[in-house]
Each structure stands twice: as structure tokens, then as C-alpha cells.
Amino acid sequence: RVTLGPITKADARTLYGWINDPDLVRLSAAYKPVDEASHGAWLQGLSKRDDLVAFAIRMRRSGRLIGVCQLTAISRVHRSADLQIRIGDPKARGRGFGSEAVGLLTRFAFEDLNLHRVALQVFATNQAAIRTYEKAGFRLEGTLRDAAYVGGAYVDIRLMALLRAE
């Protein structure tokens with residue numbers, strides 16, 4: 001139902017809104033407003049980096065942008081990367097699109113980039129995301145206790161990973 005594809009200039013306004021939505025951002029990071037110039041520089045820099053691959057998540061039939069996902073900290077030596085995903089469209093949350101996107105992204109990581117390991121960090125309070133990652137085969141590797149201060153409270157960070165053989 002979803003596809004992964006390039007992030008385009010036409011996506012900039014929508015992405016800018018998502019990165020400045022405090023409730024959405026606090027699901028995975030501490031909130032800090034992003035100005036348009038910084039956001040534009042980030043968007044421009046995506047294609048120049050070889051340690052990062054970012055994708056737009058779109059509905060297959062309509063092409064509507066519903067989120068973004070990326071592999072960061074790509075290491076060609078260790079054949080590993082970190083996974084991040086954000087379903088920005090509120091109408092698309094809780095419908096399994098994130099699970100599909102994670103599956104597509106991990107398949108890209110293992111088949112196209114020839115990676116061995118994909119890891120991620122997730123707030124222990126984000127149970128929906130944890131379920132998504134578990135469905136995709138990610139396993140809990142550990143917990144960083146009180147590792148993030150978000151929205152006025154400390155939260156644990158769960159470390160999860162998926163190996164190619166799994």
C-alpha cells in the first residue's frame with residue numbers, strides 16, 4: 001500500500017510542518033523549532049551525503065506523502081546503519097503503513113546496500129513504534145535508563161536491531 005521514493009522540493013512545506021509539530025516530534029526526540037533556512041539546507045544536503053539515505057513514504061495509489069524514513073550512520077566497513085521513521089500524516093497513523101515502510105526500508109538496507117545490521121533507538125513510551133519494530137523482526141538489545149529528557153520528563157530509550165539473517 002506504500003512506496004518509498006525520493007524526497008522532492010514539493011515535499012518541503014509538508015516536511016517543514018511535521019518537523020515543527022511538537023507532539024509529533026516528541027514521539028522520537030526532544031522538540032526544538034526548526035527555521036525554514038535550516039530545513040532547506042537539510043533538504044538540499046540529503047543528496048550529497050553517503051552516510052545517509054532518506055525516502056519519502058507515499059501511498060501507492062495516490063502518491064500522497066504520509067511520512068519519511070531514513071538510514072543514517074551508514075557504515076560500509078561494519079555494514080550497519082541506524083533506522084528512523086516518521087509517519088507525519090495523522091490520518092495515516094495506526095494503519096500499518098509504518099510497518100510496511102520499515103519492511104521496505106530494511107529490505108533496501110539488506111538487499112541494495114548489502115548491510116548486515118540495522119539498529120534503532122526508540123523511546124520506551126512509544127509503544128506503537130515498538131510494536132511496529134517488533135513486527136518487522138527487530139529485537140530488544142538493551143535499555144538506556146532515563147536517557148532522554150522530553151516534554152518535562154525523563155524517558156528510557158530502547159535499543160533494538162535486526163540482523164540480515166533474521
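Owing to the predicted nature of the structure, the values given are computational and were not obtained by experimental measurement.
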Closest non-hydrogen contact found for Val155 with Phe123 is CG2-CD2, 3.8 Å
Rounded to the nearest 0.5 angstrom, the NZ-CZ distance for Lys91 and Arg64 is 6.5 Å
Please determine whether residues Val68 and Ile66 belong to a single hydrophobic cluster, defined as Ile, Leu, Val, Met, Phe, Trp and Tyr linked transitively by side-chain heavy-atom distances below 4.5 Å.
no
**Request:** Answer whether the closest heavy-atom distance between the side chains of Trp18 and Val25 falls below 4.5 Å.
**Result:** no
request  = Indicate yes or no: at least one non-hydrogen side-chain atom of Gln44 is less than 4.5 angstrom from one of Leu46.
outcome  = no
Salt bridge (charged side-chain N to carboxylate O under 4.0 Å, His left out) filter on Asp51, not counting sequence neighbours, yields Arg49
Taking every heavy atom of Met160 against every heavy atom of Leu140, the minimum-distance pair comes out as CG-CA, 4.2 Å
Rounded to the nearest 0.5 angstrom, the CD1-CG distance for Ile157 and Leu120 is 11.0 Å
According to a 4.5 Å side-chain heavy-atom criterion applied to Ile, Leu, Val, Met, Phe, Trp and Tyr, with indirect links allowed, do Leu163 and Val118 form part of one hydrophobic cluster? no
Shortest non-hydrogen pair, Ala129 vs Val122, comes out as CB-CG2, 3.8 Å
**Asked** According to a 4.5 Å side-chain heavy-atom criterion applied to Ile, Leu, Val, Met, Phe, Trp and Tyr, with indirect links allowed, do Leu24 and Leu83 form part of one hydrophobic cluster?
**Response** no
Main-chain N/O of Leu71 paired with Gln84 side-chain donor or acceptor, under 3.5 Å: no
So CD of Gln121 and OH of Tyr133: to nearest 0.5 Å the spacing works out to 11.0 Å
Please tell me if the side chains of Thr3 and Phe55 come closer than 4.5 Å, counting only heavy atoms from C-beta onward.
no
Arg164 CZ: over 12 foreign heavy atoms closer than 6.0 Å: yes
Check: Asn126 side chain, Leu27 main-chain N or O, donor-acceptor pair, under 3.5 Å: yes
message: Are Glu100 and Arg1 packed together at the side-chain level, in the sense that at least one heavy-atom pair is separated by less than 4.5 angstrom?
response: yes
Less than 3.5 Å apart, any donor N or O on the side chain of Thr14 or Asp11 sitting next to an acceptor on the other? no
Check whether any side-chain heavy atom of Cys69 sits under 4.5 Å from a side-chain heavy atom of Leu4, and report yes or no.
-> yes
With sequence neighbours left out, the residues meeting side chain to side chain contact (heavy atoms under 4.5 Å, CB included) with Arg76 are Ile74, Leu113
**Prompt:** So do the side chains of Ile130 and Arg158 get within less than 4.5 Å of each other, counting heavy atoms only?
**Reply:** yes
Across all chains, not counting sequence neighbours, the salt bridge (charged side-chain N to carboxylate O under 4.0 Å, His left out) partners of Arg139 are Glu166
Residues passing the side chain to side chain contact (heavy atoms under 4.5 Å, CB included) test with Pro33, sequence neighbours excluded, are Asn20, Tyr31
Side chain proximity check, Leu65 to Leu15, heavy atoms < 4.5 angstrom:
yes
Close side-chain approach of Leu43 to Ile7, heavy-atom, < 4.5 Å: yes
Salt bridge (charged side-chain N to carboxylate O under 4.0 Å, His left out) filter on Arg107, not counting sequence neighbours, yields none
Glu134 meets the salt bridge (charged side-chain N to carboxylate O under 4.0 Å, His left out) criterion, sequence neighbours left out, with none
Checking Thr143 side chain against Arg145 main chain: does a donor-acceptor pair fall under 3.5 Å?
-> no
Taken to the nearest 0.5 Å, the spacing of Ile19 CD1 from Asp35 CG works out to 12.0 Å
Residues Leu162 and Ala136: closest non-hydrogen pair is CD2-O, 3.7 Å
CZ of Phe110 to CZ of Arg79, rounded to nearest 0.5 Å, is 10.0 Å
> Does Val53 share a hydrophobic cluster with Ile85, counting links as ILVMFWY side-chain heavy atoms below 4.5 Å and allowing steps through other members?
Replying inline: yes
Whether the side chain of Arg93 engages the backbone of Ile87 through a donor-acceptor N/O pair (distance < 3.5 Å, no angle test) should be reported. yes
| Thr106 (side chain) donor-acceptor with Val102 (main chain) under 3.5 angstrom | yes
Scanning both residues in full, the closest heavy-atom pair of Pro6 with Ala56 reads O-CB, 3.6 Å
Checklist entry - Transitively linked via ILVMFWY side-chain contacts under 4.5 Å: Leu144 with Val150? => result yes
request  = Report yes or no: does Arg117 contribute a side-chain atom to a donor-acceptor pair with the main-chain N or O of Ala161 at less than 3.5 Å?
outcome  = no
